Every structure is written in structure tokens, then in C-alpha cells.
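All values derive from a computational prediction rather than experimental measurement.
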There are 2 protein chains.
Amino acid sequence: MSLASLVRKLEQFVRLSPVDHVILNRASTERVRHFGPRVDIVREGEKPKDVHLILSGWACRYKQLEDGRRQVVSFFLPGDICDVNVFILREMDHSIGTITAVSIADLSREFFDKVAAGHPRIVTAFWWETLVNAAIQREWTMSLGQRTALERMAHLLCEIWLRLRLAGLTQGDSCDFPLTQGDLADATGLSKVHVNRTLQELRADGLIVLKGKTLAVPKLDRLMRAALFNPNYLHMDHEGRQLDAVPVSPDAVAG
Amino acid sequence: MSLASLVRKLEQFVRLSPVDHVILNRASTERVRHFGPRVDIVREGEKPKDVHLILSGWACRYKQLEDGRRQVVSFFLPGDICDVNVFILREMDHSIGTITAVSIADLSREFFDKVAAGHPRIVTAFWWETLVNAAIQREWTMSLGQRTALERMAHLLCEIWLRLRLAGLTQGDSCDFPLTQGDLADATGLSKVHVNRTLQELRADGLIVLKGKTLAVPKLDRLMRAALFNPNYLHMDHEGRQLDAVPVSPDAVAG
DNA sequence: CGTTTTCAATAACGTATGTTACATTGCACC
DNA sequence: GGTGCAATGTAACATACGTTATTGAAAACG
């Protein structure tokens, strides 16, 4: 129920003015909606009306084939924006569903028009968000096409970890992790059974501690190596602002 | 060496003004470069300088792992724009390489600033391009995660076919097709051997005729069915402007 | 606070796709 | 108009991952 993650993330990239803060703050307090866990926010085929900003909770974007096969194509964490400017399209080509209980703010076309007209830094920040999301989608393509089950799993966990940390949602080496093995299967294109095997292997190698709904990553650099993880695609730095500008543990980024 | 494909594609979605045409025309004749086949236009790690518009030829975006595994994450056909606004990022997270000989126009940051300031329809058209590219990338995620080799191959061929047709680059039921089986392997995440097997099967089923550098699709609707292809993600229509506004064969879009 | 449902774990077995190897065809280039 | 190299085609064999089934342990629920 907070704007903090979005602002923290965007300010990683662009310095926003006090007026920009007011604009974002207003946008994220008007028109707030709440959803339970495992519920659809948006359905494929609908006309897109608003852009959604995740204030709290986890959600995912997914697609389904006629015969029921389901692929999660991205995860939404607090501070994520679903699709800047989607409303120019006639209909949604995918669905968005919640994982946990979720609060969202609906951002209208008018909001974007106003931003475009008078708030160039927010425009830049939103372009950054858009470009990073595109890069993440490409990296998923890479993972699904080339990485083995183990690498793929490790990669996904690294990515989520770094994104959570950027949003200020990690505590030490652990974080909240509400995804089930079924969710992980739908996201990695593996079967649930093989997801289980793969997690066991990561545990046995001491790369993760995953229990209940909590994930710990004791040695991020080792997990990254197992994943062939190159953080460049997250574009977490800009014009001298390095990732390390955020207080993080020293082993945070390998390389 | 022509702007026609871009304009044809964008006008499918937004009606551009005469001034818009002039702007695009100027942008695509200044700063043109030519490349041979199988050559890199952009390399991962470089600082993005311009946005590239493909005037002629085929190219692809690809990523590589440290150990050499390579994934093609998208194809660029004539009329495609590589990445609207990439230059706000510090460095490229992927490479762009040519398939055939290619001519591109470099679009500068100033061009985009000018467009943003005074040409709202071009802005909308570019957003549409951006959103469709994102949707294509999601569909690739779906393909790689859920579709079988045969479905995946068929799906890729459908997609390329429809994109070429939108750009006005098909003749009857056939089109130029310069991709090698190696390219198809890198794009589908399959081995070259299995790509060969899969193409044989599509041929045996009469779904494609692929020989030399020409592809024919005698029954698009059947190929689409084999691919579980749903064209909605290409967003080829807008506010009453249907796909069929372009002169096409009746079996063009199934469903 | 027992009951029901979901989620995780594990085993046995099946298969789609990968790998290696080599033959064939096509095509660019002297 | 051969000669060389890239692209295609095929076969035999290997394996990473899928499927089905069952059990146990947590949560969710009334």
C-alpha cells in the first residue's frame, strides 16, 4: 500500500523533482483497488482501460493456449507498472492475475497525457521502466531457449532477488517468496516435478534456502554464476549512478 | 531502400498527416548506412547512440552466454524499428546482426525529441510499434515455454508471414525467406538437426513449401491451426481499421 | 479442531529432443 | 566450370526432462 518501491526504483535512474513526487503521489492514492490472492485483474480479450501500478503484493502476466497450457510471461512486484500506454491497443493479448493479495492504483490515459505534456523526468523514468521490462522479456526468451533447468531456475531467482532489492523489499539475505512450485513451473516452462528436483539441487548445492514462503540467498554471487547471470539487462545504473549507490551487501553483484 | 514498409505498417494503425510523412521521409533518407550479410550492426556492451530503422533486408537481435550458446530473441524485417528510445540506456544488453545485406537509417535522439514535441500521431504510432514488439517477445516466451517443436516452428513461420504481409512483402502465397536452419535453431531454441526434422514434417503435412530462399504457405489457416496461432498479439487492427483493410487473400486470417 | 484442500516430495517409467557423425546438395568465387 | 565451403539431410544413439501416481505435510476452512 505504498508508493515507496516505485519511487525508489525510478530514482535509481532519474532524479525526480518535488513536483514529480507530488504527481506520482496523487496518481497512486486516487483510484486504488484491492484484490485477493489467485484472482484475475485483467483478462485476455478485454479492452485495456487503465495502466496498473502495483502498490503491494505479487502478480503475474500469463498467457494460455486453447488446450490449457499456461505460461507465466512476467512477474509484477511492488513498484512495477503493468504496461505504460497499453490503452492505445484495442484488446489485451494476455491476462494479469494475482499471486498474493494485491493493491493497485489505476493510472488513466489523462494521467499519461499530463505527464507527457509537463513532466519530462517522469517520461524518461517510464521509458526506462518500459525498456527494462522489454529487456527482462528478452532475457526470459534466452533462458527458455538456452538455459538448462538448473540455470533457468537459478536465473529467475537471481532476477527476482535483484528486483526486490531495488524496490527495497529484501531483509539481509532473505526475502518474502510467495511463489509456489506450480508458479515456478509455469514461468520456467518446466513440469512441477522437475521444478521440485531443480530446487532440491539448488538447496543441496547451498545456493538457496527456500522454506515456507521465505527465500534466502546466502551467496548471491554463487547463485549468479550457476545461472550464467549477467545483471546488465536490468540497467540498474545510469550516468554515474551505480547499483552500489543503494546500500547493499558487498557480494551483491558478481563480476 | 525504402520507407514504404514502415509507413504502410504504421498507417495500418494510425492515420499520419502529410507533415508526418515528410518528417518520416526526411528521417529515413538522412544518415543511411549499408551492411553486408552476417555482420553485426550493434554489439552488446556498446553505448546506444541511435535508433535503427530497417529500410531493407533482414536482421536479428541476439544474446549469447559466456559459453557460446546463442539465442535469437527477435527478427527485424523491413520497416521495423530496433528500439524506440534505447539511447536513454547506458549500454546495450544484446547485439544486432544482419541476416542478409541490410540498409538502415539512424534516427537520432533529436529526431525523437522533435517528434515528441510536435507530432502526436507519430508518437502514437511509435508506441504501437513498441507495444507490439513487447507482445511479440511475450509470445516467443509462450512458444519457448509451452509449444512443441512443431508448433513452435509453425508459429514462427506464421508470425513472420503475417509481419511480411503487413509490410507488403509477400507475393501471393510466397515470400522471400533468407533464414537458414541454423538461424531457425537459434530462434526456436532447438538443435539444427531437430529443426530439419520439424521442417520435413511441416513439408510432409503440406503446410509449407520451403526451398532455396523462398517460403510458400499454401494454406495459412492450416499452418495457424498447427501452431495454435492466435493473431491477436500482433494488434494488426485499430478502431475499426481491420486487417482486411489491406488487400489479402481470404484465408489470410483464421478464425 | 477436525476436515479438506493445496502444496511439496519422491519414485518408476516414457519420450521429445539433443548429440555426434557423415553424406549430399547447392552455391560463391576464382 | 571446377573447387571449396556453407547449408541441408539422415541415421544411430544419448539424455534431460515430462508423466503418472502415491504419500506426507502444511495451510485454509468451516
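The residue A/Arg38 sits apart from the nucleic acid: no heavy atom pair falls under 4.0 Å.
Between A/Asp186 atom CG and C/dC7 atom C1' there is a gap of 14 Å when expressed in whole angstrom units. Straight-line distance from the CD atom of A/Glu151 to the P atom of D/dC17: 9 Å, rounded to whole Å. Atoms CZ (B/Arg147) and C1' (C/dA16) sit 17 Å apart, rounded to a whole Å. Taking atom CD1 on A/Ile99 and atom P on C/dC7, their separation rounds to 11 Å, with Å as the unit. Atom P of nucleotide C/dC7 and atom CG of A/Asp183 are separated by 8 Å, given to the nearest angstrom. Per the geometry, CD belonging to B/Gln181 stands 10 Å off P belonging to D/dT10, to the nearest Å. The separation between B/Glu201 atom CD and D/dT8 atom P is 18 Å, rounded to whole Å. Between the CG atom of A/Leu215 and the P atom of C/dA8 there is a distance of 13 Å, rounded to whole Å.
An OP1 or OP2 oxygen of C/dA8 is reached within less than 4.0 angstrom by no side-chain nitrogen or oxygen of A/Asn196. One finds a side-chain N or O of B/Arg203 lying less than 4.0 angstrom from the OP1 or OP2 phosphate oxygen of D/dG9. Listed pair A/Gln200 / C/dA8 fails the phosphate criterion, with no side-chain N or O lying under 4.0 Å from OP1 or OP2.
The main-chain N or O of A/Arg38 is found under 3.5 Å from a side-chain atom of A/Thr98 such that the two form a donor-acceptor pair.
Under a 4.0 Å N-O distance rule, the pair A/Arg31/A/Asp50 qualifies as a salt bridge. Under the 4.0 Å criterion applied to side-chain N and carboxylate O atoms, A/Asp106 and A/Arg33 are assigned as salt-bridge partners. A salt bridge does not link A/Glu66 with B/Arg225: every distance from a Lys NZ or Arg NE/NH1/NH2 to an Asp or Glu carboxylate oxygen is 4.0 Å or more. A/Asp80 has a carboxylate O that lies under 4.0 Å from a charged side-chain N of A/Arg163, or vice versa, which qualifies the two as a salt bridge. Ion pairing between a basic and an acidic side chain is recognised when a charged N comes within 4.0 Å of a carboxylate O; B/Arg69 and B/Asp67 show such pairing.
Minimum interatomic distance between A/Val51 and A/Asp83 (heavy atoms only, all atoms of both residues): CG2-O, 3.2 Å. Summarising the geometry of A/Cys60 relative to A/Val72, their closest heavy-atom pair is CB-CG1, 3.9 Å, with the distance given to 0.1 Å.
Within residues 57-71 of chain B, no residue approaches DNA chain C, by heavy-atom distance under 4.0 Å.
Using cut-offs of 30° and 60° on the angle between ring planes, the pair A/Tyr233 and A/His155 is parallel.
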I need a per-nucleotide contact map over nucleotides 18-30 of chain C, read 5' to 3'. Cutoff is protein heavy atoms under 4.0 Å; write B for the base, S for backbone only, - otherwise.
BBB----------
